[in-house]
Amino acid sequence: MAEPAPVLVFDSGIGGLTVAREIRRLLPGLPLVYAADDAGFPYGAWQAEALPRHCTDVVARLAGALRPSAVVIACNTASTLVLPPLRAALDIPIVGTVPAIKPAAERTRSGLVSVLATPGTVTRDYTFDLIHRFAPDVAITLVGARRLAGLAEEALRRGRLDADLLAAEIAPCFVEKGGRRTDVVVLACTHFPLLAERMAEIAPWPVEWLDPAPAIARRLRDVLLASGAATGEGLLAAPVRMLATSGADLSSALGLLSGQMPAISGVEAASSI
């Protein structure tokens, strides 16, 4: 059986590995190329006009070299802006990552939901449209955490985490109103699930931390099947190929992912392909 074309998974840093992990769990035989645009990290600090051009240029160049069957934008901040221009530039399926507001509205019992995201994501029209369409009767608290993605990168690469700073970043998510409490927190940045266990430990009360990665993996499978592309079913899992736009050595991050991800073949400079 011939190996299928790879799927390109793209993020600003290493947070999108949480999405790649779920794709491998669902489709273990599907080749993956993970591209970390660490040279452009963090995307939350980019101007809304510049980010789509930057991401489209980088992803289009990678897609031209890799010839993937699909692209997964494993970043909420980028997905709120880059999907239309990227779909216009490429003739393959593009799967985005957007805040899981619809499932949060379906799961909440208290009617109080918080969306924990980057500052860019919480200001996008895309996010407000999701709230209007899928959660009109839910009280949504938008929390733009400025330092949380950086904390996740620091924790994964160097094993260091400032617990007090983490607590301060997530504190606005916890709202009490009329005897009710927030019961669902949407993790609207793919970096944030890396810290989910630690956040649960320091949270003032238990909540459901909603990670969109499993839903993204299911969406990718459905898109590949609909397009006639192979999903790798029946094939043995191969190592994930990883690229970094800065050419930096991300091997320390990969070591800390041991047990959470299949083998990664190594980290290459994206400029080398």
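Computed from a prediction, not measured in an experiment: that's the story for all the values here.
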If you measure from [atom1] on [X] to [atom2] on [Y], what distance do you get to the nearest 0.5 Å?
{"X": "L83", "Y": "I73", "atom1": "CG", "atom2": "CD1", "answer": "7.0 Å"}
{"X": "L17", "Y": "T190", "atom1": "CG", "atom2": "OG1", "answer": "8.5 Å"}
{"X": "L210", "Y": "E106", "atom1": "CG", "atom2": "CD", "answer": "10.0 Å"}
{"X": "L32", "Y": "L8", "atom1": "CG", "atom2": "CG", "answer": "9.5 Å"}
{"X": "L81", "Y": "L86", "atom1": "CG", "atom2": "CG", "answer": "12.0 Å"}
{"X": "L112", "Y": "I140", "atom1": "CG", "atom2": "CD1", "answer": "9.0 Å"}

Quick one: are [X] and [Y] in side-chain contact, heavy atoms under 4.5 Å?
{"X": "F128", "Y": "R133", "answer": "no"}
{"X": "I92", "Y": "P68", "answer": "yes"}
{"X": "L161", "Y": "L195", "answer": "yes"}
{"X": "M199", "Y": "W209", "answer": "yes"}
{"X": "T141", "Y": "V115", "answer": "no"}
{"X": "V71", "Y": "V95", "answer": "no"}
{"X": "L130", "Y": "V98", "answer": "yes"}

Original post:
Any side-chain donor-acceptor pair under 3.5 Å between N76 and T97?
Top reply: no
Original post:
Any side-chain donor-acceptor pair under 3.5 Å between T121 and T127?
Top reply: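 Note: T121 and T127 side chains miss the donor-acceptor criterion.
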Subject >> W205 and F174 aromatic ring geometry - parallel, tilted or perpendicular at 30°/60° bounds >> reply: perpendicular
Has the side chain of [X] got a donor or acceptor atom that lies under 3.5 Å from a matching backbone atom of [Y]?
{"X": "Y126", "Y": "P99", "value": "no"}
{"X": "S79", "Y": "G96", "value": "no"}
{"X": "T80", "Y": "T77", "value": "yes"}
{"X": "S69", "Y": "A229", "value": "no"}
{"X": "T245", "Y": "A39", "value": "yes"}
{"X": "W46", "Y": "P52", "value": "no"}
{"X": "E169", "Y": "L148", "value": "yes"}
{"X": "D37", "Y": "S12", "value": "no"}
{"X": "D183", "Y": "R109", "value": "yes"}

For the hydrophobic clusters of this structure (ILVMFWY residues joined by side-chain heavy atoms under 4.5 Å, transitively), does one cluster hold both [X] and [Y]?
{"X": "I170", "Y": "F192", "result": "yes"}
{"X": "V143", "Y": "I202", "result": "yes"}
{"X": "F134", "Y": "V185", "result": "no"}
{"X": "V122", "Y": "V184", "result": "yes"}
{"X": "L165", "Y": "L116", "result": "yes"}

Nearest heavy atoms of [X] and [Y], plus distance in Å:
{"X": "V72", "Y": "V7", "answer": "CG2-CG1, 4.0 Å"}
{"X": "A230", "Y": "L224", "answer": "O-CD1, 4.1 Å"}
{"X": "L90", "Y": "A60", "answer": "CD2-CA, 4.2 Å"}

Is it the case that atom [atom1] in [X] sees more than 12 heavy atoms from other parts of the structure closer than 6.0 Å?
{"X": "R87", "atom1": "CZ", "value": "yes"}
{"X": "R180", "atom1": "CZ", "value": "yes"}
{"X": "Q47", "atom1": "CD", "value": "no"}

**OP:** List for me each residue that meets salt bridge (Lys or Arg N to Asp or Glu O under 4.0 Å) alongside R107, sequence neighbours excluded, and say none if there are none.
**Re:** E208
**OP:** Start with the C-alpha gap between S246 and D38, add the side-chain angles, then the distance that decides, and say whether side-chain hydrogen bond (donor to acceptor under 3.5 Å, both in side chains) holds.
**Re:** CA-CA 6 Å; S246 72; D38 55 329; 2.4 Å; yes
**OP:** Look at D57 together with R53 and state whether they make a salt bridge at an N to O cut-off of under 4.0 Å.
**Re:**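 No, D57 and R53 are not salt-bridged.
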